[in-house]
Structure formats: C-alpha cells, structure tokens
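Computed from heavy atoms alone, side chains included, the values below leave out hydrogens, waters and symmetry copies.
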Amino acid sequence: MESAIQLKALTKRFGSFTAVDAVDLDVRRGEIFGFLGPNGSGKTTTIRMLCGVIAPTSGQATVLGHDAIKDPEAVRRRIGYMSQKFSLFEDLTVDENLRFYAGVYDLTDEKFAARREYILRMADLVGREGELTANLSVGWKQRLALGCATIHEPELIFLDEPTSGVDPTARRHFWELLYELADSGVTLFVTTHYMDEAAHCSRLAFIYNGRLAACGTPGEIRALMTETVLEVDVDDAEAALLALERVSEIREAYMSGAVLHVNVGASSPASVVELLAAAGVTVRGIEVVDPTIEDVFVHLVTQQRAAGETLAATAPEAVAVPNPPVSGSPDA
Amino acid sequence: MREALRRISAIASKEFIHIRRDPRIMIAVLVMPTIQLLLFAYAISFDVSDVPTVLLDGDRTTASREYLAAYEQSDFFNVVGHVESQKAIDDAFDRSSARIAVMVRPGFGEALARGEKASVAVLVDGSEPNSAQLGQAYATALNQALGRELTFEYLERQAIDPTRAGGITPFIRTWYNPERRSADFLVPGLMVVVIMIVTVQQTAVTLVKEKEQGTFEQIIVSPIRRGELMLGKVSPWVLLGVIDMLVVTLVAIFLFGVPLRGDVLTLGVGTFLFVLCSLGIGLLVSARASSVEVANLVALLISFLPGFMLSGFAFPLHSIPRFLQVVSYAFPGRYMVTITRTVFLKGGSFSILWPEIGALALYAVVSLTLASVLYSRRPD
C-alpha cells in the first residue's frame, strides 16, 4: 500500500541552527503515527514543511502522493490540521465556525449539512450550535476544533499537541475520537509530549535535536532498552535523585509520575537500595519493571546528550539542553 | 476561480460577523469619526475677529481722530482702550490684554494737510502668528483705504481731478469661501484625515490579530491563498470605509453647513479609491507588524502625522519645505483633500479632478499589490 507520508533526508536550517536534520520517515496509510520529542526538538517545524507552509532547506517530502514542496496546494486540500491553539474564532458561534471552514474547503450545501450533523454529534454539541465558541469549555472546544479540521474529510490529519492543556477525561474522550477516525481509514500524524499517549499509537518516531532518534511500534521501541529499570517509591525524591546522580554507573534516574524510574546500568538493584539508605532516604517500595516508552526516550536523550557533549567543540548547537519528556498528565 | 471566490466570501462573511459582534469596532468606525470631526472642527478654528486692540493718539487732531475711528468701527478690531504712552502699549502686550496697537505720531494731521505722507505705526503681537498675520493684513488694507480717501480729499482741495491722478488700489475678493468661514475650508480636509486614521488603523490590526489568536496557522494550512485571505479580510472594510465617508459627509453638510457644490459621483469614486489606498497602507503595516500593539502604533503614526501635515489639510502644501512637498506625494491624503475641497467648495467634477483620481487609482493598485507581495513573502 502507498505511504501517506514519505520523507527523505528532510532538513531545515534557520541560519546556523539546524531545526530538522536529515529525517527519513515512512508513515503508512491508516495508522496513528506518534511523533514524539521534547519541546523545541523540531516536531512543529517538520509538520509545517509537510503542510507546505515552509520550504525545507533540502530533502524530499511526499504527502499523499504529492510533492509537499512543489505542490503544497494539492496537499492542503486533502489534509486536516489541528494545533493546540484549537484555532477557533471565539466570537463566532459553533455553527458559524463550521460554516466558515466549510466555505474554506468549498463544501457543497448538502455535503456541509451532512458533515455538520456528524460533527455536532461527534463533538457532543447538538443543541449548542448557536452558542459562542468562547463560552465552551476546553474539552468541547477541542472536539469542535477537531470537527473543523476534519470537515472536508481529509485522508491525513496532522495533530500538533492536540491534548495539551486538556484534562485527563477529555483527553481520553479525544483519543477515542482519534481511534474512530483511524478505524475509518484516516491516517493520523500526532505530536505529543505526553508519554502515556505514545502507547495509543500504532507506530512512533522520536525526534531529538532535529534528528530521528528511534522509530518503530511501541513494542519495538521498548525492546530498544536492554538494561534493567527499577521503579522506586521513596519519601524524599529530591534527595534520592541527588544521591543517584552522583553514581556514574547508574545511567539515568528521573521522576515518572509520583515514583522514581532508575536505569541501573552497570550497577545493580541491591546497590541502589544501599545507596539510598546511605543518603538517608526511606525506600517504601522497589521493583524491576518492564521499560516504558518514557524510559526508552529518557535513555535515548541521555545517550544523545552525552554524544553531543563530546562533539560540543565542533557543533555548538548540539549542547542545547533539552526539556526531558513529560511523564503522565500534569493534572495527575 | 469559483473556489477562490467561495473562499474569499467565506472570509469576508466571517469578518462581518467579527465586526458585528464587536461594539468597539462599530464605535471606532461610526461614532469616532463624527466625534473627531466635531472636536477638530471646533478646536481648530482659523476664524479671526475681535482682536483686542489699543489706540494711541499722539497727534490729537481731527484727522487723527477720524483715522482711529475707523478701527473702532471695524469688526475685526476690538478696541479695548486708548492709551497715552508707548509704555502702556508694552504693558498691554505683556498682559496679553491687547494683540495690536495703533500709534498715531504727532504731526499726522499737519502732514496730511500739507499733502505729505503721513505715517502711523501698527504694532502686532507676533506670539499668536495666525491673528498677528491677519491683523497686519487688515491694518494695511484699512490704511490703504483711508489713505486713498485722504489723498482724494487733498487732491480735490487742490482742484486736481482725482481720477487723473490714477493710483492703483488692490481689490481683494475671496473666492469659493467669500465669508472666509474656516469650517468650509477645514471640514472637507478634516474628513479625509479622519477617514484615513480609522481605516488604516482597523486594517493594520486585522491580519495581525488573526495571527495572535492562532487562527492564522490554521488558515495557512488550508487551501486559502494569502492573496485570497487579504481580499476577504479587506472587502468588508471597503464597505465600512465608504459608509464612514458618507456619515462624515452628512455631518459636514448638515451640521457644519459646508456647501456641496460639485459632482457627487466624482466624490464617490474618489472616496472609494481613497479607502482602497488607506486599506493598502493598513495592510502594508499588518503584513510586517509583529503584534497588535505595534500595528496600532505604526498605523497611527503613518496616518495621523502625514494626514495633518502633508495633506494640505492644515498647511498649504506650497508653503511647506520642498523636501516635505516631495514626501507628501507618498501619502494619498493630499490627492483626496484636493478632491474633497474642489468638489465641496469649487463645484469640481471629474473633468478637473482626473489627475487626482488617477493618482489615487494608481496608488491603490500599487499599495495593495505591494502589501500582498510582502505578506506572501513573510516567513511564517
């Protein structure tokens, strides 16, 4: 089957800064493709190139069979786009927003009537058509934005951090809608920095400092991690992290939700317990866990950063300190 | 093509909803110009009358008394006192109780009786240049008139036929605005300035606002082209700008009693083109400005100052420095002020105003094209 998106050595430089660095990618039709990475790693820049908003410095981008660089207009007709800003006109009603996008995509009246009804039902907005968008709560706005972005039934939808700032219940509801779309054959290209959402995707790519660090199904990504990961529940996480960071054998230690995740590296679980006890930290629970996607990405970031530091003298941009991936939802 | 029209009209109708929902815009567009027009028109008045004047009669003859009586009878001068010394004149000027002083020197009457040139001194307080300049002109005119009369009397007394003595007297008449009402002169120019400020400002903000609320990034990944976005966003403002001009014109006619003597169609065409020019300028600002605040400020600067200084509204263009005269061609205000004044006061029509109409048309095409090129190239 034809690819939905095919990238060959796609590169974007802004002056001396390389935002996207020779990215190769193949997104198949009908999949939910997760595009992950810390803030500023090049996710949005990649999407903008795919939508033909900015031109790449070099490389190729084929979207739905069209050259996204030479023929952006053909691409734009067939894709949908939704960002974390939701892009609704707050002083327009629900109905007026839909009508506006129907005009933008040149829908016939019959088509619009059908799509309108479907979207209102999907977004749970039946009976609220005349309400000003400004008065809707975030979850509704998010679903209406998805409705506007898909009013022309695009074959491929780019979702740039679509769940950012939305409460966990609304996020779950939103992902159900995405599954429905995927089931109907639509390809979804989703960026997120919520690692728990990564597990919802059929395939994942992880981008860091503009480079593709890993790509595969969630299972394949997890399999990249060969080292032992401990989940540790302690009373003083801050003191525990300080103590663990001082030991060079331990690869990484970070907060995942309310507990610590420790990649013991060359060390051993027993020595971690000893170390924490010596630092005066009470360990409430400790167990070896299967590595999560987040564990893998933290690991990849640490590796890349170490590599970057050795290159620091020749490539100054490589030392930019990344934000670590956020785990879980902020409200949890 | 049909698709493009559909997209443009989608944007235009959305824009109309924004305008309808935002009472501030309605106020800014319909109420503000009227208020501005009222404020400016009443505040900036070039009408001069009742200039406080003191008289000093150093001669105290029948001739000198007759001469000074002419000042007392004039509406232009308001004689606030007769003084005895030059010191008193200085005091009156210092206290600003008088702006003009007329001094008749001793020997005035005798000199006239001998048929010689008699001299008087007219002192003008220059700190208020407008009244001062007019005061001087009036006093000179008065002197000339009186002088001629006195000369006639002298010649007749000498039994010479006064008509043969000749003497050319300038005969001044003000055309188009015979009563020299400053409202007639100001309001047509002011309309232009006011309309320009409103339209430039509103359009300058429109594209930037779309960016700030995040809807712009949604629009640029849709099939809408930037040129279509611009056209859609501007078209409601063409209508609003023309409505604005209509409101202000009605205010000018019915409130200020400015006569509309010329061709209404010429005024309409000029207005339409001028509104397009203003929108072009506004879009140029919008295509480059980084935020709504910047757009507002730049729009104000670019419309307000040139509107006042370089349109001929307040200062005749031939009296400003040559460099600024050249600069004034870069702003559409000067063409439009000529159009409004000519149509309102001189009864002008297309046959005389075609150069200005042509200039506006060219200006509109250039500014709108430039704005759309700049906007399309903007790296977003």
- [ ] Please check if the side chain of B/Thr199 supplies one atom and the backbone of B/Leu279 the other of a donor-acceptor pair under 3.5 Å.
- [x] no
Would you mind checking which part of [X] comes under 4.5 Å of any heavy atom in chain A, side chain (CB onward), backbone (N, CA, C, O), both or neither?
X: B/Arg6; result: both
X: B/Glu228; result: neither
X: B/Ile219; result: side chain

Open item on the list: Taking CZ in A/Phe14 as the centre, count heavy atoms belonging to other residues, nucleotides or ligands within less than 6.0 Å. Is the count above 12?
Closed with: yes
Determine whether [X] and [Y] make a side-chain contact, defined as any pair of heavy atoms from C-beta on separated by less than 4.5 Å.
X: A/Gln6; Y: A/Val27; value: no
X: B/Ile195; Y: B/Thr271; value: no
X: A/Glu96; Y: A/Phe89; value: no

Task: Which atoms of A/Ile47 approach chain B - backbone, side chain, both or neither, heavy atom under 4.5 Å - done: neither
Task: Region of A/Leu88 that comes under 4.5 Å of a non-hydrogen atom in chain B - done: backbone
- [ ] Could you tell me which of A/Gln84, A/Lys85, A/Glu73, A/Glu90 has the largest number of non-hydrogen atom pairs under 4.5 Å with chain B?
- [x] A/Glu73
Task: Closest-packed option against chain A by number of heavy-atom pairs under 4.5 Å, given B/Glu3, B/His18, B/Gln213 - done: B/His18
Open item on the list: Quick check: A/Phe158 with A/Tyr81 (ring centres under 6.0 Å apart)?
Closed with: no
